[in-house]
Amino acid sequence: MNKATEQSGLHGSCLCGQVRYRIDPPFHKMVHCHCQRCRKATGTGHATNMIAEPAQLQWLSGEDKIQRYDLLTAKSFGKWFCGDCGSPLPRPTRNGERMIIPAGSLDEEPSINPSDRIFWGSRASWSCFDGELAVHEEYPDSW
Ligand SMILES: [Zn+2]
Ligand SMILES: [Zn+2]
């Protein structure tokens with residue numbers, strides 16, 4: 001991976017490459033989310049997401065391939081993914097205030113690293129261990 005400069009923005013794409021986007025810094029945070037919904041949505045021990053503003057994201061190609069799923073029993077959980085390859089893609093929160101970018105969809109290294117682990121209270125016992133990062137039982141109210 002090439003390290004992107006702070007000014008250049010980052011490119012991302014799905015596994016099949018049809019959906020491509022660009023996200024411009026600055027990023028609010030990069031976090032590991034250990035909630036059960038993220039486990040289901042990613043198939044892994046935790047999701048790693050960057051948080052930005054919706055206006056910072058630009059779709060470059062394949063926008064018509066994007067499928068949207070809103071978990072109706074949740075306040076705001078949802079997933080946008082490529083309809084052909086199923087890869088998770090950036091999505092706005094349901095209130096439209098934030099853009100959630102799955103870090104694994106990036107093609108370049110971001111200028112920030114994960115700072116926090118959230119929903120630590122519902123983590124799977126086999127997931128990553130606590131380390132040097134701040135942990136939060138759920139989603140911090142102050143964010
Ligand atoms: Zn795809
Ligand atoms: Zn989560």
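Note that ligands are numbered from 1 as they come in the structure, with each ligand's atoms numbered from 1 the same way. Side chains included, hydrogens not; waters and symmetry mates left out as well; all remaining heavy atoms used.
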Non-hydrogen atoms of Ile112 and Lys29 that approach each other most closely: CD1-C, 3.8 Å
Heavy-atom closest contact (Arg68 atom, Asp70 atom, distance): NE-OD2, 3.3 Å
Polar side-chain atom of Arg94 near backbone of Phe77 as donor-acceptor pair, under 3.5 Å: yes
Backbone of His34 reached by a side-chain donor or acceptor of Arg39 within 3.5 Å: yes
Neighbouring protein N, O or S atoms of the Zn ion (ligand 1) [cut-off: under 2.8 Å, no waters]: Cys14 SG, Cys16 SG, Cys82 SG, Cys85 SG
Review item, side-chain donor-acceptor pairs of residues 119-126, under 3.5 Å, at least two apart:
{"residue": "Ser122", "atom": "OG", "partner": "Phe119", "partner atom": "O", "Å": "3.3"}
{"residue": "Arg123", "atom": "NH1", "partner": "Trp120", "partner atom": "O", "Å": "2.8"}

Flag for Tyr21-Ser61: side-chain donor and acceptor within less than 3.5 Å: no
Donor + acceptor pair across side chains of His32, Thr48 (<3.5 Å): yes
Passing candidate, side chain to side chain contact (heavy atoms under 4.5 Å, CB included) with His46, options Cys38, Cys128, Cys35: Cys128
Atoms of type N/O/S from protein, distance to the Zn ion (ligand 2) below 2.8 Å: 3
Can you give each donor-acceptor pair under 3.5 Å made by side-chain atoms of residues 80-89, sequence neighbours left out, with the distance rounded to 0.1 Å?
{"residue": "Asp84", "atom": "OD2", "partner": "Gln18", "partner atom": "NE2", "Å": "2.7"}
{"residue": "Asp84", "atom": "OD2", "partner": "Lys65", "partner atom": "NZ", "Å": "3.4"}
{"residue": "Ser87", "atom": "OG", "partner": "Leu15", "partner atom": "N", "Å": "3.0"}

